[in-house]
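Small disclaimer: the values here were computed from a predicted structure and weren't measured. Chain naming here is simple, since letters A, B, ... match the order of the sequence lines and numbering starts at 1 in each.
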There are 2 protein chains.
Amino acid sequence: MSIVEGKVAVMSLRHAVLGLLAESPASGYDLMKTFDVSLAHVWPATQSQVYGELNKLTDAQLIEVVAHGPRGRKEYAITKAGRAELHRWLIEVEPTGPQRHDGLLRVFFLGVLTPLEARTFLLQQAERAARAHALYQEVADSSDWDEEMVAVYGRIALEFGLRQTAMMEGWAKWAAEEINSDRARRARDAVKEQEEKAEEQRREMQEQE
Amino acid sequence: MSIVEGKVAVMSLRHAVLGLLAESPASGYDLMKTFDVSLAHVWPATQSQVYGELNKLTDAQLIEVVAHGPRGRKEYAITKAGRAELHRWLIEVEPTGPQRHDGLLRVFFLGVLTPLEARTFLLQQAERAARAHALYQEVADSSDWDEEMVAVYGRIALEFGLRQTAMMEGWAKWAAEEINSDRARRARDAVKEQEEKAEEQRREMQEQE
DNA sequence: CCTCTCATGTAAGCAGTTACATGATTTC
DNA sequence: GAAATCATGTAACTGCTTACATGAGAGG
């Protein structure tokens, strides 16, 4: 399933699980902790999703149960076929890049707000970004980036978060200023003028009746 | 619906449609063109989604049909209630920020690749970002950012794209270098050592049998 | 014994994608 | 009159979220 005649479903959750199990065997419960902490901002997943995916991956023989623990605990490990699929995904499947940014979507519609409201919104975005940046910075400072593979690539991912939030803050502040720019003022004047013209026409139409 | 006792569904598609109709009346067909061009990287939507949402919004009286054209064309306009809902969403609902970045997800698992493969992957990411940046730059250069509200905020959104792609390129290049760093080399050595120890233990176990 | 953590699962529903269906109008 | 474009919709399916259900073991 999922791979039929070269046509491949996206489904990165599957590969997130495979990737985590490639590092070390774990139970669904263990994986959830990782999803809630490390992967929360990259690929969030819910408990029911993870347990469901583990069963599907087992059926597809990409992972297997290697130990049964107390309380029905099932420890999974990646299989050879699973490693191959993970490798294929990493090397051959084109990443799609980030999509669906609802903060940025709002920017397209800031014209319906007053300039003051729009400016406030953008400065709030800047602050949110700054707070997120500070949080990432804390993690970067507190963690001991020692001799582990996870650490090297985890650090690289964290650096992305740092740069992303810094970029966001700078952009939002710049955008807030831009609203007060000459260009924006001219645009607002033009819109107002059009509205006045339309109003005038409407009045004339009414007078004719 | 969708708003029950302060509990609000996310559903930004609804607000994307409201936002577009707030600027000027349009048909589903018109909106699709906007979704495919301007909003493609911010909030992609399919044709069936848009037509479905238009009907739902009409039922909810947030928009209304203002004209019937040829070929069954229905032109929609936003209502007062729709404008209020759009305003509420813009001001009161917290943006969630970007989520689900499958390129970044891959970074977490680069440990399963050889250093060379990982480096290649990151440099490909850098190139992709550079290409996207060039594309945004072309739009920025070619468009006449004249006196229109859409232009001001469209330009601001475009600037986000420019900064985002520039950040991505810089980060990916930095990351590619980081793999050759001392820290990474030490991590790889440590992993190898552990594997050798495990191998040794396995051999000892077999000898005992 | 009681509570907290560990541990796995099911069911309902919404959001998003893909594919299919249909027909009117314009353009060459 | 054929092809391209305009225009709206439905159906099936996948992915994701929310809420519910259940129970075993550990620690006070």
Side-chain angles (χ1 to χ4, degrees), chain A residues 1-17 25-36 39-60 63 65-76 96 99-102 105, chain B residues 1-17 25-36 39-60 63 65-76 96 99-102 105:
Chain A
M1 236 162 282
S2 133
I3 305 171
V4 184
E5 279 179 41
K7 236 187 179 178
V8 179
V10 185
M11 229 190 343
S12 294
L13 172 67
R14 158 160 301 191
H15 299 101
V17 171
S27 67
Y29 194 84
D30 296 334
L31 292 178
M32 265 320 292
K33 278 185 279 183
T34 313
F35 272 103
D36 284 341
L39 296 185
H41 302 295
V42 180
W43 206 272
T46 59
Q47 182 245 53
S48 44
Q49 243 183 314
V50 170
Y51 282 112
E53 197 58 51
L54 283 170
N55 287 324
K56 279 186 223 160
L57 282 166
T58 307
D59 289 347
I63 63 174
V65 178
V66 286
H68 289 268
R71 280 162 293 198
R73 176 188 170 93
K74 288 188 271 181
E75 200 164 77
Y76 294 91
T96 57
Q99 264 174 343
R100 295 217 163 83
H101 188 141
D102 75 331
L105 178 62
Chain B
M1 235 163 282
S2 130
I3 305 172
V4 186
E5 281 177 41
K7 234 185 177 179
V8 179
V10 186
M11 229 189 342
S12 295
L13 173 66
R14 157 160 301 192
H15 298 102
V17 171
S27 69
Y29 194 83
D30 296 335
L31 292 178
M32 266 319 292
K33 279 185 279 183
T34 312
F35 272 103
D36 284 343
L39 297 184
H41 301 296
V42 179
W43 205 271
T46 59
Q47 182 245 51
S48 44
Q49 244 184 312
V50 169
Y51 283 112
E53 196 58 51
L54 282 170
N55 287 324
K56 278 186 224 159
L57 282 165
T58 306
D59 289 347
I63 64 174
V65 179
V66 287
H68 289 269
R71 278 161 293 197
R73 176 188 170 93
K74 287 188 272 179
E75 200 164 75
Y76 294 90
T96 56
Q99 263 175 342
R100 296 216 162 83
H101 189 141
D102 75 331
L105 178 62

[X] side chain near [N] phosphate (N/O to OP1/OP2, under 4.0 Å):
| X | N | result |
| --- | --- | --- |
| B:Arg100 | D:dT17 | yes |
| B:Arg73 | D:dA7 | yes |
| B:Lys33 | D:dC6 | no |

Whole-Å gap separating [atom2] ([N]) and [atom1] ([X]):
| X | N | atom1 | atom2 | result |
| --- | --- | --- | --- | --- |
| B:Leu31 | D:dC6 | CG | P | 15 Å |
| A:Tyr29 | C:dG9 | OH | C1' | 15 Å |
| A:Asp30 | C:dC6 | CG | P | 10 Å |
| B:Asn55 | D:dT8 | CG | C1' | 9 Å |
| A:His68 | D:dG23 | NE2 | P | 20 Å |
| B:Leu57 | C:dA15 | CG | P | 12 Å |
| B:Lys56 | D:dT10 | NZ | P | 12 Å |
| A:Asp36 | D:dC16 | CG | P | 15 Å |

Where is the tightest heavy-atom contact between B:Trp43 and B:Phe35, given as atom of each residue plus distance?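 Residues B:Trp43 and B:Phe35, closest heavy atoms: O-CD2, 3.4 Å.
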
So, for A:Glu53 and A:Met11, which heavy atoms are closest and what is the spacing to 0.1 Å?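 Taking A:Glu53 first and A:Met11 second, the nearest heavy atoms are OE1-SD, 4.3 Å.
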
Under the criterion side chain to side chain contact (heavy atoms under 4.5 Å, CB included), I'd like the reasoning laid out for A:His41 against B:His101: C-alpha separation, chi angles, the key distance, then a yes or no. CA-CA 8 Å; A:His41 302 295; B:His101 189 141; over 6 Å; no

When you measure from every atom of DNA chain C, which of residues 39-53 of chain A have a heavy atom less than 4.0 Å away? A:Gln47, A:Ser48, A:Tyr51

Answer yes or no: is there a donor N or O on one side and an acceptor on the other, between the side chain of B:Asp30 and the main chain of B:Ser27, under 3.5 Å?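 Indeed, once roles are kept as given, a pair shorter than 3.5 Å links the two residues.
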
Examine distances only and state if a side-chain atom of B:Arg100 and a backbone atom of A:Val42 form a donor-acceptor pair shorter than 3.5 Å.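 No; zero donor-acceptor contacts below 3.5 Å.
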
Between NZ on residue A:Lys56 and CD on residue A:Gln49, distance to nearest 0.5 Å: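 Result: 8.5 Å between the selected atoms.
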
Mapping B:Gln99 and B:Lys74 onto DNA chain D by nearest heavy atom, which one lands closer to the 5' end?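 Closer to the 5' end of DNA chain D: B:Lys74.
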
For B:Thr58 and B:Asn55, test the side chains for any donor-to-acceptor distance below 3.5 angstrom and give the result as yes or no.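 No donor-acceptor contact under 3.5 Å links the two side chains.
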
Those residues at least two apart in sequence (or on a different chain) that pass salt bridge (charged side-chain N to carboxylate O under 4.0 Å, His left out) with B:Arg71 are none

Between A:His15 and B:Leu105, is the side chain to side chain contact (heavy atoms under 4.5 Å, CB included) condition met? List the steps. CA-CA 9 Å; A:His15 299 101; B:Leu105 178 62; 5.6 Å; no

For nucleotides 26-28 of chain D, list the nitrogen or oxygen atoms of the protein found under 3.5 Å from its nitrogen or oxygen atoms, one pair per line.
none

